[in-house]
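Numbered from 1 within each chain, the chains take letters A, B, ... in sequence-line order. In this text, all values refer to a predicted model and were calculated from it rather than measured experimentally. Computation of the quantities below employed the complete heavy-atom set of this structure, encompassing side-chain atoms and omitting hydrogens, waters and symmetry-equivalent molecules.
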Number of protein chains: 2
Amino acid sequence: MNYTAREGNESSHQAGPSGRPDTRAALLEAGFHAFARKGFDGASVRDITREAGANLGAITYHFGSKRALYSEVLEANLTPLVDRVGTAAAGPGTPMERLSAVIAVFFEHLSKNPELPRLMLQEVSAGKQPPPEVVAIVQRNAGYVMGILRDGQTAGELHLRNLLFTTVSIVAQPLFMTIMAPLLREVGGIDMSDPKTRNAALEHVQAFVRAALQPREEA
Amino acid sequence: MNYTAREGNESSHQAGPSGRPDTRAALLEAGFHAFARKGFDGASVRDITREAGANLGAITYHFGSKRALYSEVLEANLTPLVDRVGTAAAGPGTPMERLSAVIAVFFEHLSKNPELPRLMLQEVSAGKQPPPEVVAIVQRNAGYVMGILRDGQTAGELHLRNLLFTTVSIVAQPLFMTIMAPLLREVGGIDMSDPKTRNAALEHVQAFVRAALQPREEA
DNA sequence: GTATAATTCATACGTTCGTATGAATACAAG
DNA sequence: CTTGTATTCATACGAACGTATGAATTATAC
C-alpha cells in the first residue's frame with residue numbers, strides 16, 4: 001500500500017518541466033476529452049489510459065480512482081476559464097464594456113476548448129449536486145458577473161431587476177451558443193468552426209445582452 | 001424470434017385504456033426518469049425495469065434494445081413540448097406577445113417536467129449527432145420561434161440581426177434557468193420550486209428578451 | 001556501485017452490464 | 001374446453017467495467 005501519490009502536494013511527482021512522460025498530465029488530458037465526449041459513465045478507464053499511452057492501473061496509482069480523476073479534470077479545466085473571466089471583469093472601462101469583455105472571454109475560451117462546455121453542462125445537467133469544488137468555481141464566476149452588474153446598476157448605466165437571474169441569462173448565452181454548434185449546422189447550415197461565423201455569434205451575443213440591459217423608461 | 005412487438009403500429013399492444021399493467025408505458029416513464037437522472041450510460045436496464053415493476057427482459061421484448069427505448073423516450077417527451085410551442089406560436093397577438101407566450105409555455109412545461117431539460121441537454125451536450133428524430137423536433141421548434149421573429153421583423157416591431165442566433169439566445173433562457181435551479185439555491189439561496197420564484201424567473205426572462213428585441217435607433 | 005523509493009506493467013478478481021433463451025403463464029378466439 | 005398468440009419470468013452468457021495485487025522496472029540518494 002505504498003502507491004498513495006497523494007500525500008504531499010504537486011512538484012515532487014514527475015518533474016513536469018523535464019522531458020519525462022508525465023503520465024499524470026497525460027491522464028488529465030485524456031480524461032478531459034473522454035469525459036467531455038462520453039460523460040463520466042460512458043468514458044472507461046481503459047479508454048482513458050489507452051489514449052494517454054499509460055497502463056491500465058495508472059489512474060488508480062496517480063489519482064486513486066476514476067472519480068478522483070474526474071474531480072481533478074473538472075477543476076483543472078474550469079479554473080483557467082474563471083480566472084480569465086476574473087481578470088476581464090476587473091479590467092477598465094464602463095460596466096457595459098467590462099461585460100462585453102467577459103462575454104468575449106467566455107466565448108473565446110469555450111470556442112478554443114469546444115469540449116469544455118460539454119463537460120460543464122454534463123456536470124450541471126446530471127441533476128445531482130456537483131462536487132463542492134465545482135460549486136465554488138461557479139460561485140466565483142457568478143460573483144464576477146454580478147459585481148459588474150451591480151456597478152452598472154448603481155452607476156445607472158445598466159437596467160435590470162434581478163441580479164442572479166440576469167447573471168444566468170448572460171452566462172447561458174456563450175455556453176449555449178457553443179454547445180449548439182453541431183445543431184446549428186444541421187438546422188441552419190451555419191458552420192461555427194469558421195472564425196468569421198464564430199465572431200458573428202460573439203457580436204450577436206454582445207449586442208443581445210447590451211440591448212437587454214440598456215436603461216430605458218418603462219413601467 | 002416472435003417477440004418483435006414493433007411490427008404494426010400502436011393500438012394493438014396492450015389495450016392501453018384498460019386496467020391492464022401496460023408494461024410498455026411504465027417502461028417509457030421509468031426510462032424517462034432514469035435517463036434524465038443518470039444519462040444513457042448511467043441508467044441500467046435493471047434500474048429501469050425494476051422501477052417500472054417489470055421483468056428484466058421487458059425492454060428487450062417491448063422495444064428491442066435499451067437504445068430503442070431511449071429513442072422513444074426522447075421523442076415521447078419532446079414532442080408534447082414542441083406541440084405546445086407550436087400552438088402558442090400560432091396564437092393571436094403581436095409578435096412580441098406571441099414570443100412571450102412561447103417563453104411562458106417553455107417555462108411552464110419545463111418547470112412541470114423538471115427532468116426534461118436535463119434529458120434535452122444531456123442529449124445535446126453529448127457531442128454526438130443526436131438521432132434524426134430529435135434533430136427534426138428541434139428544427140420544428142426553431143421554426144416556430146423563427147417564424148415569430150420574422151413576423152415581428154417585417155412589421156418593424158422587433159429588432160434583430162440574425163434570426164438563428166436570436167432564436168438560440170431566446171430558447172437558451174428557459175432551458176438554462178430551469179436546469180440551473182439546483183445551483184441557484186446553492187449560489188444565490190433561491191428556491192425555484194417555489195411557484196412565486198418560478199414566476200419571477202419567467203417574468204425576468206420575458207422582460208430580458210423583450211428588452212433585447214425592442215427596436216431602437218443605433219448604428 | 002548498492003539501497004530505497006517511485007512508477008509501470010501484466011494480470012486477475014468480483015461486479016455489473018445489455019441481451020438471449022426457453023419455459024411458464026395470461027389472454028383471446030374458436 | 002382447446003388452440004394459438006402475447007407477454008412475463010427466471011436464468012444464463014459473454015463482455016466490459018473499476019479496482020487490486022505483486023512483480024518488474026526505472027529513477028533518486030547515498
Each nucleotide of nucleotides 11-18 of chain D classed B (base within 4.0 Å of a protein heavy atom), S (only sugar-phosphate) or -, in 5' to 3' order, makes BB----BB

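Panel note: side chain T197(B), backbone D191(B); a donor-acceptor pair is recorded below 3.5 Å. E115(B) places no side-chain N or O within donor-acceptor distance of the main-chain N or O of R37(B), the cut-off being under 3.5 Å.
Considering only side-chain N and O atoms, T23(B) lies nowhere under 4.0 angstrom from the phosphate OP1 or OP2 of dT7(D). The shortest distance between the side-chain N/O atoms of H62(A) and the OP1/OP2 oxygens of dA6(C) is not below 4.0 Å.
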Assess the residue pair M192(B) and M177(B) against the criterion (side-chain contact (heavy atoms from CB on, under 4.5 Å)); give the C-alpha distance rounded to whole Å, side-chain angles, the decisive distance to 0.1 Å, and a yes or no.
CA-CA 9 Å; M192(B) 279 293 255; M177(B) 205 64 77; 3.7 Å; yes

How far apart are the C-alpha atoms of K38(B) and D47(B), what are their side-chain angles, what is the distance that settles it, and do they pass the side-chain contact (heavy atoms from CB on, under 4.5 Å) test?
CA-CA 11 Å; K38(B) 318 219 234 169; D47(B) 285 344; 3.1 Å; yes

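For Y61(A), whose side chain is taken as the heavy atoms from C-beta onward, the closest listed nucleotide among dT19(C), dT7(D), dA6(C) is dA6(C).
Taking atom CD1 of I59(A) as the reference point, atom C1' of dC9(C) lies 15 Å away to the nearest angstrom. Between the CG atom of L27(B) and the P atom of dG18(C) there is a distance of 13 Å, rounded to whole Å. Taking atom CZ of F63(B) as the reference point, atom P of dG18(C) lies 15 Å away to the nearest angstrom.
Classified by interplanar angle (parallel below 30°, tilted 30° to 60°, perpendicular above 60°), the ring pair F35(A)/F40(A) is parallel.
Every residue meeting the side-chain hydrogen bond (donor to acceptor under 3.5 Å, both in side chains) condition with H204(B), not counting sequence neighbours, appears here in chain and number order: S169(A).
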